[in-house]
Structures are given as C-alpha cells and as structure tokens.
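Below is the structure I would like to discuss, written out as structure tokens.
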Amino acid sequence: MKITHIKLVCLLGLFASFTTSCAVREKLPAAKPTKTPDKTVKIPNPVPVPPAAAVEEKLKVDLPAINREFRGVWIASVANINWPSRNNLSVEQQKREAVSMLNMLQENNFNAVIFQVRPSADALYTSELEPWSYFLTGKTGEPPYPNYDPLQFWIEESHKRGMELHVWLNPYRAHHSNGGAVTSQSMVNKLSDITIRLKNGMYWFDPANPKTQGHVSNVVKDIVKRYDIDAVHFDDYFYPYATYNRGADFPDHTSWNEYIKNGGTLSRADWRRDNVNKFVERIYKEIHAEKNHVKFSISPFGIWKPGYPEGIVGSSQYDELYADAKLWLNKGWVDYFSPQLYWPIESKGQSFPALLNWWKSENTMNRHLWPGLNTVEIKASDRPSEIKNQVEISRQILNNSTGTIHWSIAGLTKNAGMLTTLKNGPYKEKALTPKSPWIKTSPLEKPTLFTNENGSFVQTSWSSKKIGNVFQWVLFTQYDGVWNTEILTLETLSREIPKFKDGKALNAVAIKAIDRLGNESDYMAKKIKQ
C-alpha cells in the first residue's frame, strides 16, 4: 500500500506521540524530509529516491499497429521425411534435431509449427488409443528409451520460442507402406473390421463406418484434452488418391450395401462426400467444445474441381478424394484453411494467384485463408525468388489476414538461398499471427510496467496478474517521437533500454500482453524524462 506525501505528513503530525509504540510494518515509499509550518519531521530510514531524470509518468499514447502474418511450416514424421530423420535415433539425438529446427525457425521469424503426430493410426506422443509410431522407434508400439513424450517436448520448446504448435493428423490412413511390418500392435489388426487394404500396400480406415469416425474423434479429443496445443490440422488425405488402389474404386462395398439396405438414396459419390462432410463438422465442433481456443484447420488439395476458376485443369478432389473442401470453407467448419497451391505463379493450368483468388471468393465466413507453398520442389528456375513472390502475392490478395505455410521444413534447410531470401525479404521483421475474432475469449488484463534508471539505461520490467493467459509480450519504445516494436517471448520479463539510440532520446515505453489467439491487451505506458 502506498501513502501519498500529504497524507504522510498529516499522519505523522497526528500520531507523533505514538511513534514509539506503533512501529511501521510496511515499507514506505521514497520520501524527502517534510516541512510543516511548526516543525520539521524527518522520516527514519527513508528509501532512496532515484534521480529526477529517471522519473516516469503514466500516459496515453497512440501505439503503432503490430505486424501480423501467419508463417507456418509443416514438419512431417511419416517415412521420416523431416523428423526424426531416422527411426533409430537416440532420444538425445531426436531432441537435438528438434531444437535445431526450432532455433532455425525462430531466428528466421517463423511463428508456427505444424507437427505430424499421427502419420498413420500411430502416435508420436503417449497414447492409450494407438501404438507408438514405427517412424519414431523403428518398431510399432515400442516407446522411446529412455521414455519421453515427443509431442510434449515439441510443445514446450515451440512455446518457449514464441511459436504456436499445431498437431497434424491423418484421419483415415491406418498403415503406411513405409511403416514396417503390420504387427499385432498395429491398428490394422486391432481394428480389422473397419480397415481396408489398398493395392499399393497401404491400409485405410473406411470413412463411411461410424466406428472409424468414432475412433478418430476419440483420438482428436484425447490430444486436445491432454496437451497444450494451439490447433489440430488435417491434410488432404480423406478417401485415398486413385493411384493408391491402382485406379480401382475404393472397396467400401460392405458399408455401401448397408447404407442401401437401410434405405439410403444418395449416389455412391455423394454418400462418400456426405460421410466426410459430417465428420469434418463433428471434429470442428468437438474441438471447440473441449477447448474453445484450439483452432481446427484443413489443408486440402489445391483444386476443388477443374474449371474452378475458369482455365484451371488437373485432378478433382471433389470427385477423386470425395472431399467437398469448398463446402467446409463456405460453412466455416475450419478456423484456418490452407489449400495446397503447389504450382508456380505463371502456371497456365494451375495459376497460383488465380486459385488463391478463387478460394478467397469462397471464404464467405471470413476464416483465415493461408495457402500451402511447395517450398521443397516448386517447378521454377529460381525457387527462393518464386516462393518469396508467392508470399508477397498472398499478402496482396489476402489483405488483413495474411499468411502462408511452407511444405516442408526441408525446403528451408536444403536450399541454401531460401532462408536468406525470406529473411531479407518478407520475413525481415517478426510478426504475430492474425487474430481469430469469431473465437470468443475473455479479454486479457492490462500488464503492469515498471521502470527505473540504471546509468545510461532504463531498467524496464513488466508482469501480469493472470500470466497463465499470456502467450507473448509486445514492447514499444519511443525515440524522438518514433515508436519501435519488439515481439517478445513469454519468459522475457525485462529489458535494459538505452536512453539514447542512434543519437535519439528515449521518450516513452509501453507494454502489451498477447494471448494465444493473437488478441492484444490494453497497454500500459510511461513517459521517460531526460
């Protein structure tokens, strides 16, 4: 509790006769000897007062807008594409690889990781529903030794660096052809009644079977409930690509015959799409019912149907994968939507800007639309320049909710010029992820700001009463009337700010808290007197 200068004088005058019996138990604020008309009262053991030059004042200011853009990267575990690089690494080697990747992303101003934790009805996390992944340990069902939880590790290390961690799951793939032998631990055997073997050696859950939908729903809810994730992400594998079954129709005869026997009237193609549509809506609602702040996203094949928009040619996800991705976006059953636009800007049959503009026209619920870029193998003579230009075109088209996702982290690590081109270009400054205003959440409390002179610096620190709701901080410093912005991690709680920089004097400091959905608190600002 603080006592003002005037009140302190009055109290001392009134209670001077009691000073020997009423010891002061609270620390008094900084004060100087105080004079009254009759006498001078000197306060015992006063707290030292900082020099007048460092006195701060709370004030109202007009802060600049914070830079915002979603900068994500896919990290694939299936077939050991990205992480872990082999399925026989030690735990320490796995951790070193993960930390190296995250450090690289942080240094190059990325802000989101999309980490594949369920490549094929298996787990790169502790699960009672599905076995440990072959791609993690080299044997389905075998835990890492010494035991640790890779997903928990990735979450903690991502958040420590101010990056979101999105879990990426393949909903229907039951076993990958690169996933070793099908053993008794595999879900292929544990759920054999809903599993179908394709001609390329992969196994697929039957999307039409209610047991499939219930099992995948339980897996998703289990992850959302137990882990501090920021989003759940599905990719483009719904019904499998036709090549997986060597052109033959998907063998879901049992489910189809059951549907017809019970009076079903849809065509087989519409029935398949209806199964996926209901499942997507269910997952979206269940995630938000469990934890409202956890986003749901899908990254479908980039073409809905040939001819949409005019001039587009290629595969039809609507007809081949039975994925009506346009409907999901129209209905708002996603929080962000990332069509895989893996073609060059100048591609005649699959124009990157034409496809992105078309998807934007279908975004009637104003969800985030962040295209996937083929950073690994885009067909261009200068890949770094092509990807940089796609990022910049996306900004022009998407305006207020910009963002892209890079397939995959290998495109950043295995092309010497890619990171440099992005860091020196569109990713030069850090950025917060765009807000998601349709997701309702409690407003953040305004943080408290403390300043104190420390020689040629102003020692600045901040805190929040409910720090558990804070994900990041934004620090503002004003020199000669010009504001600078710095995005900081949650663990950063202080800064030594120079009083002069490039010949300019420090005028003011301000702080904001940012929650995990990118929402900003009110600010607290203080004026710095020179």
Side-chain angles (χ1 to χ4, degrees), residues 68-77 81-85 91-119 123-126 133 136 144 148-169 223-233 235 287 291 293-297 299 335-336 338 368 370 403-413 419 422-423 427 430-434 436 467-474 487-492 513-519:
R68 290 181 178 272
E69 182 173 49
F70 188 84
R71 300 169 183 171
V73 60
W74 280 292
I75 298 179
S77 57
I81 291 174
N82 298 140
W83 186 93
S85 60
V91 167
E92 287 306 311
Q93 287 173 322
Q94 291 176 7
K95 289 182 176 180
R96 280 199 298 271
E97 280 193 350
V99 167
S100 176
M101 289 179 176
L102 291 170
N103 284 342
M104 180 269 289
L105 294 173
Q106 181 186 25
E107 290 163 5
N108 288 276
N109 296 334
F110 284 78
N111 54 27
V113 171
I114 302 169
F115 173 49
Q116 191 177 32
V117 300
R118 184 185 185 261
L124 278 82
Y125 61 96
T126 306
S133 177
L136 184 70
Y148 84 116
D149 191 316
L151 173 54
Q152 185 62 31
F153 182 80
W154 276 87
I155 291 169
E156 291 173 359
E157 294 297 320
S158 297
H159 287 176
K160 191 187 297 182
R161 291 164 176 78
M163 291 186 282
E164 295 183 6
L165 191 287
H166 300 199
V167 294
W168 164 18
L169 300 87
I223 294 173
V224 174
K225 183 175 183 177
R226 293 193 294 119
Y227 291 93
D228 188 26
I229 60 172
D230 299 289
V232 171
H233 183 89
D235 60 16
I287 288 170
K291 287 182 183 175
H293 67 266
V294 175
K295 298 183 285 287
F296 178 51
S297 63
S299 178
D335 297 299
Y336 74 86
S338 302
H368 296 306
W370 299 325
T404 50
I405 306 176
H406 297 265
W407 169 258
S408 64
I409 196 168
L412 306 175
T413 58
L419 279 174
L422 292 172
K423 179 72 178 291
Y427 293 176
K430 288 188 179 295
L432 295 179
T433 58
S436 303
I467 200 164
N469 296 332
V470 179
F471 186 67
Q472 291 168 288
W473 310 98
V474 178
I487 298 170
L488 302 172
T489 62
L490 175 61
E491 294 179 351
T492 305
I514 309 297
D515 71 11
R516 63 192 312 146
L517 287 168
N519 299 308

Rounded at 0.5 Å granularity, tell me how far OG1 in Thr413 sits from CG in Leu419.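 If we round to the nearest 0.5 Å, Thr413:OG1 and Leu419:CG are 8.0 Å apart.
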Salt bridge (Lys or Arg N to Asp or Glu O under 4.0 Å): which pairs involve residues 159-169, sequence neighbours left out?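 Residue pairs with at least one partner in residues 159-169: Glu157-Lys160, Glu157-Arg161, Glu164-Lys295.
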Once rounded to the nearest 0.5 Å, what's the spacing between atom CG of Leu165 and atom CD1 of Ile114?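 The distance works out to 10.0 Å.
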I'd like to know if Arg516 and Asp228 make a salt bridge, using a cut-off of under 4.0 Å between side-chain N and carboxylate O.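 Yes, Arg516 and Asp228 are salt-bridged.
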Approximate separation, where rounding is to 0.5 Å, of Trp370 CH2 and Thr404 OG1: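 It comes to 10.5 Å.
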When you measure from the centre of the six-membered ring of Phe110, is the NZ or CZ of Lys423 under 6.0 Å away and within 45° of the axis?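 No - Lys423 does not lie over the ring of Phe110 by the 6.0 Å and 45° rule.
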With side-chain hydrogen bond (donor to acceptor under 3.5 Å, both in side chains) as the test, would you mind laying out the steps for Asn111 and Thr433 before giving the verdict? CA-CA 7 Å; Asn111 54 27; Thr433 58; 5.7 Å; no
Inter-residue atom distance Lys430.NZ - Gln106.CD, 0.5 Å rounding: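 That separation rounds to 5.5 Å.
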Is the closest side-chain heavy-atom distance between Val113 and Leu102 below 4.5 Å?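 They are in side-chain contact.
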Hey, mind stepping through Ser297 and His166 against side-chain hydrogen bond (donor to acceptor under 3.5 Å, both in side chains) and telling me if it holds? CA-CA 9 Å; Ser297 63; His166 300 199; 5.1 Å; no
Once side chain to side chain donor-acceptor pair (under 3.5 Å) is applied, do any residues pair with Trp168, and if so which ones, sequence neighbours excluded?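 Result, side chain to side chain donor-acceptor pair (under 3.5 Å) vs Trp168: Asp235.
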Would you please say whether a donor-acceptor pair under 3.5 Å links the side chains of His159 and Asp230?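 Judged by distance alone, the side chains do pair up.
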Go through the steps for Trp83 and Phe115 under the test ring-ring contact (aromatic ring centres under 6.0 Å, His included), then give the verdict. CA-CA 9 Å; Trp83 186 93; Phe115 173 49; 5.6 Å; yes
